[in-house]
Amino acid sequence: MLQFDTIAGLRQQLKSIRSAQSIGLVPTMGALHEGHATLLEAARQENEVVVSSIFVNPVQFNNADDLARYPRTLETDYKLLEGAGCDLVFVPSVPEMYADSPLLRLNFGALETTMEGAFRPGHFNGVGIVVAKLFNIVQPDRAYFGQKDLQQVAVIRRLTKELSFPVELIRCPTIREADGLALSSRNRNLTATEREQAPLLFRALTQSHQMLAGGHSTVQAKNAVQTLFANSPAFTLEYVEVVNADTLQLADEMLAPGQTAICLAAHLGKVRLIDNLVF
Ligand code: PAF
């Protein structure tokens with residue numbers, strides 16, 4: 001696997017191999033886990049060349065503490081990437097990506113007034129800027145994102161469409177531990193006790209899914225989640241919403257198969273966890 005830390009170096013290499021070969025991009029912020037491995041596997045299967053990026057993007061953090069605590073595990077990340085058959089990894093410094101702080105502001109309107117957007121002001125502006133830069137730098141044919149960040153996928157889909165990036169977006173399923181906890185780089189920051197408590201998010205999602213499937217209203221399903229968290233003092237529930245998985249519009253009832261998503265975010269100690277189910 002070749003490593004690059006400059007845009008010019010990476011572009012030169014990509015230019016020499018682009019010709020007729022398709023390029024799959026897996027953008028990451030590092031602290032890689034099996035969830036990332038499945039994105040890389042999908043990219044490996046569908047493209048001749050697999051490029052990944054590791055960049056803890058300061059512009060998408062609205063909380064300095066969260067940025068400082070974001071896990072950084074470069075050496076093990078390289079091993080996972082090698083094992084997953086990644087061909088090139090781009091690991092730029094902050095000045096390489098942002099010679100000046102970006103003046104550009106992206107506003108995703110209704111896509112970012114709910115859920116993550118409402119609780120992390122400016123987050124999707126930062127995600128949109130870095131993803132647009134990575135699309136321009138790498139010029140991939142396909143880009144791979146995990147369903148765990150469902151709202152991020154919706155925002156990037158819109159960005160790709162509005163700016164006409166010739167990139168096919170692939171949403172890959174969430175990978176879970178045996179007890180249901182969705183894999184996330186942030187799980188590393190959980191204490192042993194918190195790790196045992198963390199599957200409550202998945203339990204809440206499955207319970208509310210069963211309620212909806214059994215004919216209960218979205219209000220009843222959301223109330224049940226709120227009660228579950230109210231009875232679990234280790235957690236502070238931030239939001240629970242039932243939405244259209246693509247448009248993120250609030251849903252009053254179950255939509256067509258594959259269209260309904262129930263999404264939630266909760267704080268457990270110092271760690272903020274998010275998860276969702278699409279059904
Ligand atoms: O999902 C992530 O890890 C990040 O938000 C992304 C897409 C790599 C942009 O920094």
Side-chain angles (χ1 to χ4, degrees), residues 25-31 35-36 39 52-70 92 94 97-98 100-138 140 142-165 167-172 174 182 184-186 201 237-251 259 261-267 271-278:
L25 170 66
V26 181
T28 83
M29 298 204 300
H36 294 108
L39 303 182
S52 189
S53 58
I54 300 178
F55 180 61
V56 183
N57 173 34
V59 184
Q60 73 186 71
F61 284 81
N62 59 318
N63 175 325
D65 249 21
D66 191 24
L67 174 60
R69 267 189 285 115
Y70 201 84
V94 172
M97 286 298 271
Y98 301 113
D100 303 299
S101 326
L103 293 178
L104 184 69
R105 291 286 176 273
L106 299 175
N107 180 337
F108 292 96
L111 286 180
E112 65 166 324
T113 51
T114 56
M115 303 197 291
E116 292 303 288
F119 285 90
R120 303 182 66 190
H123 170 64
F124 288 119
N125 168 62
V127 169
I129 287 177
V130 82
V131 169
K133 285 174 81 75
L134 289 168
F135 283 3
N136 276 325
I137 293 165
V138 176
R142 301 184 185 86
Y144 296 79
F145 298 91
Q147 182 199 303
K148 191 177 79 65
D149 296 300
L150 188 73
Q151 192 169 8
Q152 169 170 280
V153 178
V155 161
I156 295 171
R157 198 171 292 292
R158 188 67 187 222
L159 174 85
T160 305
K161 192 171 168 206
E162 288 206 15
L163 295 182
S164 304
F165 282 111
V167 181
E168 184 188 348
L169 297 190
I170 319 282
R171 187 180 90 190
C172 297
T174 302
S184 162
S185 304
R186 287 188 164 85
L201 276 82
L237 180 68
E238 230 172 38
Y239 64 78
V240 52
E241 296 293 0
V242 181
V243 298
N244 178 305
D246 297 318
T247 64
L248 305 182
Q249 276 174 351
L250 296 184
Q259 286 284 290
I262 178 150
C263 307
L264 53 76
H267 289 269
V271 184
R272 185 172 181 280
L273 297 170
I274 65 171
D275 201 354
N276 65 76
L277 278 187
V278 176

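- Interatomic distance, I54 CD1 to T28 OG1, rounded to the nearest 0.5 Å: 5.0 Å.
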**OP:** Check the pair R272, D66 against side chain to side chain contact (heavy atoms under 4.5 Å, CB included), reporting the backbone distance first and the verdict last.
**Re:** CA-CA 9 Å; R272 185 172 181 280; D66 191 24; over 6 Å; no
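- Taking all atoms of both residues into account, the shortest heavy-atom contact from L39 to C172 is CD2-CB, 3.3 Å.
- Residue Y70 holds its OH atom at 8.0 Å from CD of Q60, rounded to the nearest 0.5 Å.
- Taking the six-membered ring for Trp, F108 and F124 have ring centres at least 6.0 Å apart.
- Screening I137, V59, I129 against M97 for a side chain to side chain contact (heavy atoms under 4.5 Å, CB included) leaves a single residue, I137.
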Subject >> Stepwise side chain to side chain contact (heavy atoms under 4.5 Å, CB included) test for R171 and Y144 >> reply: CA-CA 6 Å; R171 187 180 90 190; Y144 296 79; over 6 Å; no
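- Side-chain atoms of Q151 come within 3.5 Å of backbone N or O of T114 as a donor-acceptor pair.
- Under a 4.0 Å N-O distance rule, the pair E238/R120 does not qualify as a salt bridge.
- Closest of all the heavy-atom pairs between A261 and L150 is CB-CD2, 3.5 Å.
- The OG1 atom of T174 sits 8.0 Å away from atom CG of L277, with the distance rounded to the nearest 0.5 Å.
- For S185 (side chain) and A31 (main-chain N/O), a donor-acceptor pair under 3.5 Å exists by modelled atom type.
- Two residues are said to be in side-chain contact when any heavy atoms from C-beta on lie closer than 4.5 Å; V94 and F55 meet this criterion.
- Looking only at atom types and distance, the side chain of Y98 has a donor-acceptor partner in the side chain of N57 under 3.5 Å away.
- Between F61 and M29, the closest side-chain pair of non-hydrogen atoms falls below 4.5 Å.
- You'll find the side chain of K133 stays beyond 4.5 Å of the side chain of N136, heavy atoms only.
- Going from atom CG of L264 over to atom OH of Y239 covers 7.5 Å, rounded to the nearest 0.5 Å.
- Rounded to the nearest 0.5 Å, atoms CG (L169) and OG1 (T160) are 4.0 Å apart.
- A distance-only check finds a donor-acceptor pair linking the side chain of N276 to the backbone of K148 [under 3.5 Å].
- Shortest non-hydrogen contact noted between P58 and L67 is CB-CD2, 4.0 Å.
- For the atom pair SG (C263) and CG (D149), the distance works out to 10.5 Å, reported to the nearest 0.5 Å.
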**OP:** List the steps and the verdict of side chain to side chain contact (heavy atoms under 4.5 Å, CB included) for M115 and I274.
**Re:** CA-CA 10 Å; M115 303 197 291; I274 65 171; over 6 Å; no
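- Between D246 and R157 there is no salt bridge, since none of the side-chain N atoms of the basic residue sits less than 4.0 Å from a carboxylate O of the acidic one.
- Contact record, V153 with G146: CG2-O, 3.6 Å, taken as the closest heavy-atom pair.
- When all heavy atoms of P27 and S53 are compared, the pair lying nearest together is CA-OG, 3.2 Å.
- The heavy-atom pair separating A118 from P121 by the smallest distance is O-CD, 4.3 Å.
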Original post:
When you look at E112 and N107, which way does the side chain to side chain contact (heavy atoms under 4.5 Å, CB included) test go after all the steps?
Top reply: CA-CA 8 Å; E112 65 166 324; N107 180 337; 3.6 Å; yes
